[in-house]
2 protein chains.
Amino acid sequence: MTASPERRRELLDTAAEVFAAQGYNATTVRRIADEAGMLAGSLYYHFDSKESMLDEILSTFLTELWDGYDAVLAADLGPRETIEALVTESFREIDRHRAAVAIYQKEARHLTDQPRFHYLADSQVRFEKAWLGTLERGVRSGAFRADLDVRLTYRFVRDTVWVAASWYRPGGQHSPEEIARQYLSMVLDGIAVRT
Amino acid sequence: MTASPERRRELLDTAAEVFAAQGYNATTVRRIADEAGMLAGSLYYHFDSKESMLDEILSTFLTELWDGYDAVLAADLGPRETIEALVTESFREIDRHRAAVAIYQKEARHLTDQPRFHYLADSQVRFEKAWLGTLERGVRSGAFRADLDVRLTYRFVRDTVWVAASWYRPGGQHSPEEIARQYLSMVLDGIAVRT
DNA sequence: TAACCTACCAAACACTTGTTAGGGAAGAAT
DNA sequence: ATTCTTCCCTAACAAGTGTTTGGTAGGTTA
């Protein structure tokens with residue numbers, strides 16, 4: 001009745017991989033077990049439901065994410081430097097938790113209805129507070145343009161960062177830091193040549 | 001055995017709405033029928049499978065999308081003007097086919113395996129050719145920065161545009177054209193104040 | 001009036017789904 | 001040597017899935 005934490009982590013990793021590739025609902029518990037080299041029922045020695053696997057995948061990811069974000073926010077940097085740090089940290093998280101991020105993006109919206117996953121909505125609120133607040137601070141300080149809809153800018157920056165999880169593959173030719181640098185350069189300065 | 005085209009379109013619209021909200025696999029055929037005010041079996045008078053509904057939703061969307069894109073590309077504008085026109089056209093498509101776009105984004109990746117949906121992969125290739133080609137043309141002509149990874153830029157621009165479908169709601173306070181203008185301003189010139 | 005067509009319902013089908021219960025093999029602990 | 005613990009298997013269950021078949025109310029046509 002007691003399962004080893006390492007085995008749990010292993011199984012969660014393969015589960016996350018399949019969830020990310022096929023979608024949560026499209027993934028059968030038999031497929032996960034197959035990928036892990038065991039039978040469907042055996043998974044229930046380690047977890048008490050398919051949903052709790054998803055829960056554990058998402059919650060551990062969000063926990064680690066907020067560890068990083070809180071560290072950045074606690075540093076009390078200027079608006080532009082905060083955005084830079086948040087973006088860089090985000091790409092590092094994508095590098096570490098690619099599957100979890102992909103799952104989060106695909107499933108978060110319709111999971112927030114369920115009470116069990118209400119922490120997803122909480123996280124989203126904190127998320128908006130951090131990013132939107134920093135952007136507004138930047139507009140006031142003159143670091144960011146004032147002629148743009150800040151809310152639109154927020155969604156723009158947020159989405160551009162996290163969608164990268166859909167194509168990013170760890171071990172590719174660009175490191176997370178390199179991608180972050182290029183993304184920041186595009187978001188901050190634009191892709192057009194200055195005239 | 002013969003169904004009216006208007007009724008088909010009506011049912012496809014409600015189906016698309018549910019698919020977009022819950023995900024294709026998580027959506028039961030009974031839920032769609034319920035939303036349409038009829039019983040599950042009755043859907044099979046109009047369509048021969050759940051999959052063919054998805055197929056028809058996606059293919060009609062892509063057809064209309066490429067009608068718009070081809071018109072833009074045929075105009076033979078400069079690189080920057082082409083990007084501007086493509087982005088604007090994209091937001092108009094999101095306005096018209098919000099549900100279809102959302103479905104496309106969530107399900108396209110793992111649908112391309114099935115032969116039936118192979119046209120999704122074809123479309124993606126054409127898509128990349130149009131956008132990436134325009135960006136490269138812009139770099140050569142000096143309109144776009146040469147110090148950025150063009151491929152990364154492509155994914156950046158592509159994603160930033162289409163992810164908007166996940167939060168965009170028709171009839172909101174911003175028209176598609178207004179959103180396109182702000183997005184283009186951000187992508188082209190950046191959100192930072194020029195020093 | 002009779003035949004027909006459209007658009008749906010009622011009821012079931014075969015199958016897949018997540019999940020459970022009991023058991024057993026292999027090693028560790030006593 | 002025996003008990004215990006860990007980890008998995010076998011085999012099944014109940015619920016839900018997409019789909020089919022036969023029927024029928026109501027309007028249209030002949």
Side-chain angles (χ1 to χ4, degrees), chain A residues 1-59 99 103 106-107 110-111 113-117, chain B residues 1-59 99 103 106-107 110-111 113-117:
Chain A
M1 212 191 270
T2 316
S4 92
E6 307 107 43
R7 189 69 177 124
R8 274 180 84 87
R9 184 60 67 93
E10 269 183 44
L11 293 173
L12 282 179
D13 280 351
T14 71
E17 220 58 53
V18 186
F19 284 157
Q22 322 231 352
Y24 172 72
N25 283 285
T27 300
T28 76
V29 106
R30 283 168 175 81
R31 181 74 210 289
I32 300 175
D34 203 53
E35 209 80 19
M38 51 197 250
L39 291 184
S42 307
L43 281 175
Y44 289 80
Y45 171 73
H46 300 274
F47 312 96
D48 41 78
S49 73
K50 177 189 176 187
E51 198 180 76
S52 75
M53 295 189 218
L54 178 64
D55 193 352
E56 195 163 335
I57 290 170
L58 291 179
S59 61
I103 298 169
K106 270 192 213 162
E107 321 284 352
H110 61 94
L111 283 177
D113 299 336
Q114 290 177 255
R116 174 171 201 170
F117 292 98
Chain B
M1 215 191 267
T2 318
S4 91
E6 308 106 44
R7 190 70 177 122
R8 273 182 85 88
R9 185 60 65 91
E10 270 183 42
L11 293 174
L12 282 179
D13 281 350
T14 70
E17 220 59 52
V18 186
F19 285 157
Q22 322 232 349
Y24 172 72
N25 282 284
T27 299
T28 75
V29 109
R30 284 168 175 81
R31 181 77 209 289
I32 299 175
D34 202 54
E35 208 80 17
M38 51 196 246
L39 291 185
S42 307
L43 281 174
Y44 289 78
Y45 170 74
H46 300 275
F47 311 97
D48 41 79
S49 72
K50 177 189 176 189
E51 196 180 79
S52 75
M53 296 190 218
L54 178 64
D55 192 350
E56 196 163 334
I57 290 171
L58 291 179
S59 61
I103 297 169
K106 269 192 214 162
E107 321 283 351
H110 62 94
L111 282 178
D113 298 336
Q114 292 177 255
R116 175 172 199 166
F117 291 98

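Keep in mind the model is a prediction, meaning the values are calculated, not measured. A, B, ... follow the sequence lines: proteins, then strands. Residue 1 opens every chain.
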Exercise for the section: Grab the CG-P distance between A:Asp48 and C:dT19 for me, whole Å please. Expected result: 9 Å
Exercise for the section: Would you tell me if any nitrogen or oxygen in the side chain of B:Arg7 comes within less than 4.0 Å of OP1 or OP2 on C:dC8? Expected result: yes
Exercise for the section: Check the distance between D:dC8's C1' and A:Leu11's CG and give it to me in whole angstrom. Expected result: 11 Å
Exercise for the section: For the pair A:Glu6 and A:Arg9, find out whether any cationic side-chain nitrogen is under 4.0 Å from an anionic carboxylate oxygen. Expected result: no
Exercise for the section: Ignoring backbone atoms, establish whether B:His46 has a side-chain N or O less than 4.0 Å from OP1 or OP2 of C:dT6. Expected result: no
Problem - Distance below 4.0 Å between A:Tyr44 side-chain N/O and C:dT20 OP1 or OP2 - result: no
Handout entry: Contact summary for B:Leu43 and B:Val29, nearest pair of heavy atoms
Key = CD1-O, 3.5 Å
Handout entry: Value in whole Å for how far the C1' atom of D:dC9 lies from CG of A:Leu43
Key = 12 Å
Practice task
For residues B:Ala99 and B:Ala16, report the shortest heavy-atom separation together with the two atoms involved.
Solution key: CB-O, 3.6 Å
Handout entry: Euclidean distance, atom CD of residue A:Glu6 to atom C1' of D:dC7 [Å, nearest integer]
Key = 13 Å
Practice task
Return no unless some side-chain N or O of A:Tyr45 is found under 4.0 Å from OP1 or OP2 of D:dC7.
Solution key: yes
Handout entry: Options C:dT19, C:dA12, D:dT6, nucleotide nearest the side-chain atoms of A:Ser49
Key = C:dT19
Practice task
May I have the distance from A:Leu39 (atom CG) to C:dG18 (atom P), rounded to whole angstrom?
Solution key: 14 Å
Handout entry: Side chain B:Lys50, main chain B:Tyr24, donor-acceptor under 3.5 Å
Key = yes
Practice task
For A:Asp34 and D:dC9, give me the distance from atom CG to atom P, rounded to whole Å.
Solution key: 11 Å
Handout entry: Closest to side chain of B:Ala40, choosing from D:dT6, C:dG18, D:dT19
Key = D:dT19
Problem - For atom CE of B:Met53 and atom C1' of D:dT17, their distance in whole Å - result: 13 Å
Practice task
Look at all strands and tell whether A:Ser52 reaches a base, only sugar-phosphate, or nothing, counting heavy atoms closer than 4.0 Å.
Solution key: nothing
Problem - Which nucleotide in C:dG18, D:dT19, C:dC8 has an atom nearest any side-chain atom of A:Arg30 - result: C:dG18
Completion exercise
Between CE of A:Met38 and P of C:dG24 the distance, given in whole Å, is 20 Å
Handout entry: Spatial distance of atom NE2 (B:His46) from atom CZ (B:Arg7) [nearest 0.5 Å]
Key = 5.5 Å
Practice task
Identify whether any heavy atom of B:Ser42 sits under 4.0 Å from a base atom; if not, whether one sits that close to sugar-phosphate; answer base, sugar-phosphate or nothing.
Solution key: base
Fill in the blank from the handout: Closest of C:dT17, D:dT17, D:dT19 to the A:Thr28 side chain is C:dT17
